[in-house]
**Student:** 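Let me begin by handing over the structure; questions about it come next.
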Amino acid sequence: MIGILSVQGGVREHELMLDRLGVAHRQVRRIAHLDGLQGIILPGGESTTMSKLLELGGMLDPLRQAIADGLPVYGTCAGMILLATEILDTRSDAQSLNAIDMTVRRNAFGRQVDSFESELKVNGIANPVPAVFIRAPWVERVGQGVDVLARVPGGPAQGAIVAVRQGRRLATSFHPEVTDNTAVHELFLGCVAEAGYVHRL
C-alpha cells in the first residue's frame, strides 16, 4: 500500500501512474492514513502551502517521524523541496521534513513560462527518462550518503542536480507522473521492496 500525500498538489497524476503499475494506493490527509503504508509519495504543488497545511493538520511531525523510522518516500518537485534539510528562496515560516541531506533552491529554473522538457539519464534506470520541469527546484548541495542520480544534460542549467537518492528516500525536480514513462516510479517501488517496511501507528 503506497500513500500519496493529498493536502495540496498534483495527486491524481501519481494515482494514475500507480494504477498503471497495478499498485494499491490511498490518499493521505490525516495521521491515521499513515497506518499500514509501505511507502509514500509527496507530489508536486506549492511547497510552502503544503508545509503549512501539514503543520496546521498536525501531520508534519508524524510524517517526519514515519520517514525517520524507515518509511520509503519519493518526492517530486515540491515534494523534493519538502524532503530537503535546507531550502533556499523560501518563506521564513516554511517547514521541511529534513529527510534528505541536501540544499534545494525553489523555482531555480524560473517561472511557469520557463518550464521545459528534457531526456535524462538516471542512474539505476536503463533507458533515458522523459522529464518535465515546471517551476522546478534544483539541488545545490548534497551531503555524505546522498547519491546524485541525474543532472541536466545541456542548456544554461547544464550540470544542475535534479534527482537524488539517500537510502530509500528518492527525490526528483521533474514530474515523471505527467508522462507515460513509469521507470522512476518503478525505481521507487524497488526501494519499497528493499525496505520491506510497514508503518504502524
Side-chain angles (χ1 to χ4, degrees), residues 1-45 47 50-51 53-55 57-85 95-102 104 122-125 129 139 142-150 163-177 181-201:
M1 175 63 67
I2 303 299
I4 304 172
L5 185 66
S6 302
V7 296
Q8 193 265 345
V11 175
R12 183 59 179 155
E13 293 83 357
H14 286 287
E15 290 179 324
L16 292 172
M17 188 66 74
L18 293 177
D19 285 342
R20 187 175 297 145
L21 292 168
V23 175
H25 56 84
R26 69 163 173 255
Q27 295 186 6
V28 175
R29 291 194 178 92
R30 299 191 298 272
I31 297 171
H33 296 159
L34 294 171
D35 190 47
L37 292 185
Q38 293 169 275
I40 189 166
I41 293 173
L42 312 182
S47 60
M50 292 168 76
S51 74
L53 291 172
L54 283 170
E55 191 174 20
M59 278 279 292
L60 187 67
D61 286 337
L63 180 55
R64 186 183 284 144
Q65 188 60 53
I67 295 169
D69 288 344
L71 181 67
V73 61
Y74 170 38
T76 62
C77 199
M80 170 185 262
I81 295 168
L82 285 174
L83 290 173
T85 52
Q95 301 279 351
S96 85
L97 297 168
N98 298 315
I100 298 178
D101 184 7
M102 62 181 175
V104 171
V122 179
N123 291 346
I125 298 175
V129 172
V139 179
V142 295
Q144 187 174 5
V146 179
D147 296 322
V148 174
L149 300 186
V164 297
R165 177 178 177 176
Q166 184 172 7
R168 296 179 181 105
R169 304 165 186 180
L170 180 68
T172 62
S173 303
F174 54 91
H175 294 271
E177 74 278 6
N181 190 292
T182 61
V184 179
H185 285 75
E186 291 177 62
L187 182 64
F188 172 59
L189 294 173
C191 298
V192 172
E194 288 173 11
Y197 177 89
V198 180
H199 186 68
R200 295 299 182 192
L201 295 177

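These numbers come from a predicted model, not from an experiment.
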**Student:** Check this for me: Arg30, atom CZ, are more than 12 non-hydrogen atoms of other residues, nucleotides or ligands nearer than 6.0 Å?
**Tutor:**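 12 or below, so no.
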**Student:** Any side-chain heavy atom of Glu194 sitting closer than 4.5 Å to one from Pro72?
**Tutor:**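 A side-chain contact is absent here, since even the closest heavy-atom pair is not under 4.5 Å.
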**Student:** Taking the side chain as every heavy atom from C-beta outward, state whether His175 and Cys77 have any atom pair closer than 4.5 Å.
**Tutor:**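 Yes. Closest side-chain heavy atoms under 4.5 Å.
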**Student:** Nearest 0.5 Å please: distance from the CE atom of Met102 over to the CD1 atom of Ile81.
**Tutor:**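 The CE atom of Met102 sits 9.0 Å away from the CD1 atom of Ile81.
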**Student:** For the residue pair Met59 and Val7, establish whether any side-chain heavy-atom pair is separated by less than 4.5 Å.
**Tutor:**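 SC-SC contact between Met59 and Val7 ruled out.
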**Student:** How close do Leu82 and Ser51 get, heavy atom to heavy atom, and via which atoms?
**Tutor:**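 Scanning both residues completely, I find the closest heavy atoms to be CD2-CB, 3.9 Å.
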**Student:** Heavy atoms only: give me the nearest Ala66-Tyr197 pair and the separation to one decimal.
**Tutor:**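 In this case the closest contact between Ala66 and Tyr197 is O-OH, 4.1 Å.
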**Student:** Step by step, would you call Ile4 with Leu18 a side chain to side chain contact (heavy atoms under 4.5 Å, CB included)?
**Tutor:** CA-CA 10 Å; Ile4 304 172; Leu18 293 177; 4.0 Å; yes
**Student:** Rounded to the nearest 0.5 Å, what separation is found between the CD1 atom of Ile67 and the CZ atom of Arg168?
**Tutor:**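 Ile67 CD1 to Arg168 CZ: 14.5 Å, rounded to 0.5 Å.
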**Student:** Measure the spacing between CG of Leu16 and CD of Glu177 and express it to the nearest 0.5 Å.
**Tutor:**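 Spacing of CG (Leu16) from CD (Glu177) equals 10.5 Å.
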**Student:** Out of Leu83, Ile100, Ile41, Leu97, which residue meets the side chain to side chain contact (heavy atoms under 4.5 Å, CB included) rule with Val73?
**Tutor:**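 The side chain to side chain contact (heavy atoms under 4.5 Å, CB included) with Val73 is passed solely by Leu83 among Leu83, Ile100, Ile41, Leu97.
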**Student:** Counting C-beta onward and ignoring hydrogens, is there a side-chain heavy-atom pair between Arg200 and Asp35 closer than 4.5 Å?
**Tutor:**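 Contact flag for Arg200/Asp35 side chains = yes.
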**Student:** Can you name the closest pair of heavy atoms from Ile31 and Pro62 and give their distance?
**Tutor:**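 Smallest heavy-atom distance, with atoms named: CD1-CG, 3.7 Å.
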**Student:** Just say parallel, tilted or perpendicular for the rings of His185 and His14, cut-offs at 30° and 60°.
**Tutor:**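 Taking His14 first and then His185, their aromatic rings sit tilted (interplane angle of 30° to 60°).
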**Student:** Quick check: do Leu187 and Leu149 have side-chain heavy atoms less than 4.5 Å from each other?
**Tutor:**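 The answer is yes; the side chains approach within 4.5 Å.
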**Student:** Kindly indicate, with the supporting measurements, whether the criterion side chain to side chain contact (heavy atoms under 4.5 Å, CB included) is fulfilled by His33 and Ser6.
**Tutor:** CA-CA 11 Å; His33 296 159; Ser6 302; over 6 Å; no
**Student:** Which atom names give the shortest non-hydrogen contact between Ala78 and Gly45, and what distance separates them?
**Tutor:**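 The answer is CB-N, 3.5 Å.
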**Student:** Do Thr172 and Val122 have side chains that get closer than 4.5 Å, going by heavy atoms?
**Tutor:**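 Sidechains of Val122 and Thr172: no contact.
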**Student:** For a 4.5 angstrom cut-off between non-hydrogen side-chain atoms, does Asp101 reach Gln144?
**Tutor:**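 A side-chain contact under 4.5 Å is absent here.
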**Student:** Evaluate side chain to side chain contact (heavy atoms under 4.5 Å, CB included) for Leu54 paired with Gln95, printing each intermediate quantity in order.
**Tutor:** CA-CA 9 Å; Leu54 283 170; Gln95 301 279 351; over 6 Å; no
**Student:** Is there a donor-acceptor contact under 3.5 Å linking the side chains of Gln65 and Asp69?
**Tutor:**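 Distance-only check passes for Gln65 and Asp69.
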**Student:** So, for Val192 and Gln38, which heavy atoms are closest and what is the spacing to 0.1 Å?
**Tutor:**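 Nearest pair, atom of Val192 first, then Gln38: CG1-O, 3.5 Å.
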**Student:** Taking C-beta and beyond as the side chain, do Val139 and Val148 meet within less than 4.5 Å on heavy atoms?
**Tutor:**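 No; the side chains remain at least 4.5 Å from each other.
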**Student:** Looking only at heavy atoms, what is the nearest atom pair of Leu201 and Ala32, with distance?
**Tutor:**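 Distance-wise, the nearest heavy atoms are CD1-CA, 3.7 Å.
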**Student:** Report the C-alpha separation of Ile2 and Tyr74 in whole Å, then their side-chain angles, then the decisive distance to 0.1 Å, and conclude whether the side chain to side chain contact (heavy atoms under 4.5 Å, CB included) test is met.
**Tutor:** CA-CA 10 Å; Ile2 303 299; Tyr74 170 38; over 6 Å; no
**Student:** Say whether, by atom type as modelled, one donor and one acceptor occur between the side chain of Arg64 and the main chain of Ala99 under 3.5 angstrom.
**Tutor:**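 Judged by distance alone, no pair lies under 3.5 Å.
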**Student:** Hey, is the main chain of Gly167 close enough, under 3.5 Å, to the side chain of Arg165 for a donor-acceptor pair?
**Tutor:**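 Yes, the answer is positive, given that a donor and an acceptor are paired below the 3.5 Å cut-off.
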**Student:** CD of Gln8 to OG of Ser47: how many Å apart, nearest 0.5 Å?
**Tutor:**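 Reported to 0.5 Å precision, the distance equals 9.0 Å.
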